[in-house]
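Values below: all heavy atoms of this structure, side chains included; hydrogens, waters and symmetry mates excluded. Since we're looking at a predicted model, the values are computed, not measured.
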Amino acid sequence: MTYKALYEYGKKKLEEAGIEEASLDARLLLEYVCHTNRNELLVYGDKNRSEFEAQVYQMAIDRRAARIPLQHITGEQEFMGLRFRVNEHVLIPRQDTEILVEEAMRCLADGMRILDLCTGSGCILLSLLKYSNECEGIGIDISDKALLTARENASALQLDAVFLEGDLFAPLENYVSSKTKDRLFDIVVSNPPYIETEEIKVLMPEVREHEPLLALDGGEDGLSFYRKIIQKAPEYMRKGAHLFLEIGCKQGEAVRTLMQEAGFSQIQILKDYAGLDRVVFGMKA
């Protein structure tokens with residue numbers, strides 16, 4: 001089959017399966033299988049592909065039609081201009097999370113210490129380390145399988161980061177930095193689980209059935225992790241340090257209130273590219 005014929009096959013099958021971005025996913029999977037780019041489809045659409053490539057592509061399309069996330073098929077996702085390995089053990093990095101990283105970078109100076117809670121793939125922490133100099137980063141997650149993925153991403157990006165297994169701040173009780181001999185941080189970031197438990201039932205199949213429940217379920221009102229993080233974070237922050245939290249689009253005021261009650265100052269709510277609340281951050285007074 002030709003390059004174009006394979007693409008048309010994939011696009012049609014994904015459309016029939018109700019995939020919202022059928023044409024885009026069909027193209028990206030074809031590029032993944034054939035190790036090409038969009039220009040080759042446009043310029044060399046009549047070029048024949050091997051039978052092996054055709055079979056592998058058809059298998060990939062079948063998996064996507066079964067609502068397996070595109071990123072789980074390709075095994076990677078771009079975030080902050082970097083490539084991250086992803087799988088069923090970590091939340092797939094979203095573009096909206098880049099807002100959290102970009103805002104944290106405004107407060108990030110060389111040599112600072114960064115703590116990333118619920119680190120997952122490590123995309124937030126590793127992006128901050130990649131675009132800074134001589135910073136020390138620690139990522140914490142309760143999932144050992146997620147941490148394995150984070151360590152693989154750190155290795156691929158040639159970054160030195162520490163990943164600890166445990167529930168939020170708990171692993172820090174037995175860890176002291178070899179560089180600073182303390183447990184205090186200049187930047188604390190987190191994209192915690194924030195979806196209300198009942199809402200998980202109505203999520204897209206790609207999310208509900210294939211992304212880790214541990215990374216989604218934020219409790220009855222979606223605020224369970226924010227309460228824990230905001231209450232405990234000041235104990236691990238230097239004076240003037242910043243806490244950055246990604247939030248659900250309806251949680252801005254609730255999280256702002258929690259931070260106010262915990263004594264944080266200069267609290268701000270940032271919107272995402274759709275104009276919805278996405279990040280809340282403040283400073284330890």
Side-chain angles (χ1 to χ4, degrees), residues 10-26 28-29 60-79 84 86-101 117-121 123-124 141-143 145-146 149 167-168 189-230 244-258 269-280:
K11 178 183 175 183
K12 180 179 179 182
K13 185 146 188 178
L14 294 185
E15 287 174 342
E16 292 172 349
I19 302 299
E20 186 174 344
E21 296 185 327
S23 58
L24 175 62
D25 287 4
L28 291 176
L29 285 173
I61 288 294
D62 287 343
R63 295 184 67 198
R64 184 68 189 98
R67 307 308 289 261
I68 294 175
L70 172 72
Q71 295 85 350
H72 287 181
I73 299 172
T74 64
E76 64 180 19
Q77 170 70 359
E78 183 175 318
F79 181 81
F84 289 91
V86 295
N87 50 45
E88 69 274 18
H89 304 302
V90 300
L91 197 68
I92 297 170
R94 267 72 171 180
Q95 185 180 26
D96 286 335
T97 305
E98 294 185 353
I99 297 170
L100 174 71
V101 175
L117 300 168
C118 310
T119 192
S121 67
C123 65
I124 295 174
D141 203 288
I142 201 168
S143 167
K145 293 180 179 178
T149 304
D167 186 11
L168 298 179
V189 295
S190 183
N191 178 17
Y194 58 70
I195 299 174
E196 297 176 14
T197 301
E198 288 299 312
E199 288 294 316
I200 293 175
K201 300 176 183 178
V202 298
L203 295 176
M204 295 174 58
E206 288 88 340
V207 178
R208 184 181 69 246
E209 298 174 9
H210 297 284
E211 296 203 65
L213 182 62
L214 281 173
L216 300 172
D217 193 345
E220 184 177 353
D221 63 356
L223 300 174
S224 176
F225 283 84
Y226 297 113
R227 293 189 182 95
K228 296 175 183 177
I229 292 172
I230 292 170
F244 293 86
L245 300 167
E246 180 167 339
I247 60 168
C249 62
K250 299 179 181 179
Q251 296 171 326
E253 290 304 326
V255 174
R256 188 214 297 264
T257 298
L258 289 173
I269 301 175
L270 299 179
K271 297 187 181 298
D272 61 20
Y273 303 110
L276 302 173
D277 291 350
R278 186 57 57 192
V279 173
V280 179

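The two residues Thr197 and Glu220 come nearest to each other via the heavy atoms OG1-N, 3.8 Å. In plain terms, the two heavy atoms of Tyr226 and Pro192 that are nearest each other are CE2-CG, 3.5 Å. Across every non-hydrogen atom of Pro193 and Asp217, the tightest pair is CB-O, 3.3 Å. Scanning all heavy atoms of the two residues, the minimum distance from Leu258 to Arg227 falls at CD1-CG, 4.0 Å. Minimum interatomic distance between His210 and Pro205 (heavy atoms only, all atoms of both residues): CD2-O, 3.6 Å. When all heavy atoms are compared, the tightest approach of Pro93 to Val86 is CD-CG1, 3.5 Å.
A distance of 10.0 Å separates CG in Leu70 from CD in Glu206, rounded to the nearest 0.5 Å. Expressed to the nearest 0.5 Å, how far CG of Leu117 lies from CD1 of Ile124 amounts to 10.0 Å. Of the inter-residue distances, the one linking Leu276 atom CG with Gln251 atom CD reads 12.0 Å to the nearest 0.5 angstrom. To the nearest 0.5 Å, atoms CD (Glu88) and OG1 (Thr149) are separated by 8.0 Å. A distance of 9.5 Å separates SG in Cys118 from CG in Leu214, rounded to the nearest 0.5 Å. To the nearest 0.5 angstrom, Leu29 atom CG is 9.5 Å from Arg63 atom CZ.
Ion pairing between Asp62 and Lys13 holds under the 4.0 Å rule for side-chain N and carboxylate O. Look at Glu211 and Arg94 and you find a salt bridge, because one of the NZ, NE, NH1 or NH2 atoms lies within 4.0 Å of a carboxylate O, short of that distance. Salt-bridge check for Glu16 with Lys11: failed, with every basic side-chain N at 4.0 Å or more from each acidic carboxylate O. Comment: Glu15 does not engage Lys12 in a salt bridge, judged by the lack of any side-chain N to carboxylate O separation of less than 4.0 angstrom. For the pair Asp277 and Arg256, the salt-bridge criterion is not met [side-chain N within less than 4.0 Å of a carboxylate O].
For the pair Ile269/Val279, no side-chain contact is recorded, criterion being any heavy-atom separation below 4.5 Å from C-beta on. Between Leu216 and Arg208 there is no side-chain heavy-atom pair separated by less than 4.5 Å. Looking at heavy atoms from C-beta onward, Phe79 lies in side-chain contact with Thr97 at the 4.5 angstrom threshold. Between Gln95 and Tyr273 the shortest side-chain heavy-atom distance falls below 4.5 Å. Within the 4.5 Å cutoff, no side-chain heavy atoms of Thr74 are placed close to those of Leu28. Two residues are said to be in side-chain contact when any heavy atoms from C-beta on lie closer than 4.5 Å; Ser121 and Leu91 fail this criterion.
At a cut-off of 3.5 Å, with distance as the only test, no side-chain donor of Thr119 or Asp141 sits close to an acceptor on the other residue.
A donor-acceptor contact shorter than 3.5 Å is absent between the side chain of Arg278 and the backbone of Glu246. Panel note: side chain His72, backbone Asn87; a donor-acceptor pair is recorded below 3.5 Å.
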Quick one, Leu168 with Phe225, criterion side-chain contact (heavy atoms from CB on, under 4.5 Å). Give me CA distance, side-chain angles, the key distance, then yes/no. CA-CA 9 Å; Leu168 298 179; Phe225 283 84; 4.2 Å; yes

Can you list the steps and then say if Val255 with Ile230 is a side-chain contact (heavy atoms from CB on, under 4.5 Å)? CA-CA 9 Å; Val255 174; Ile230 292 170; 4.0 Å; yes

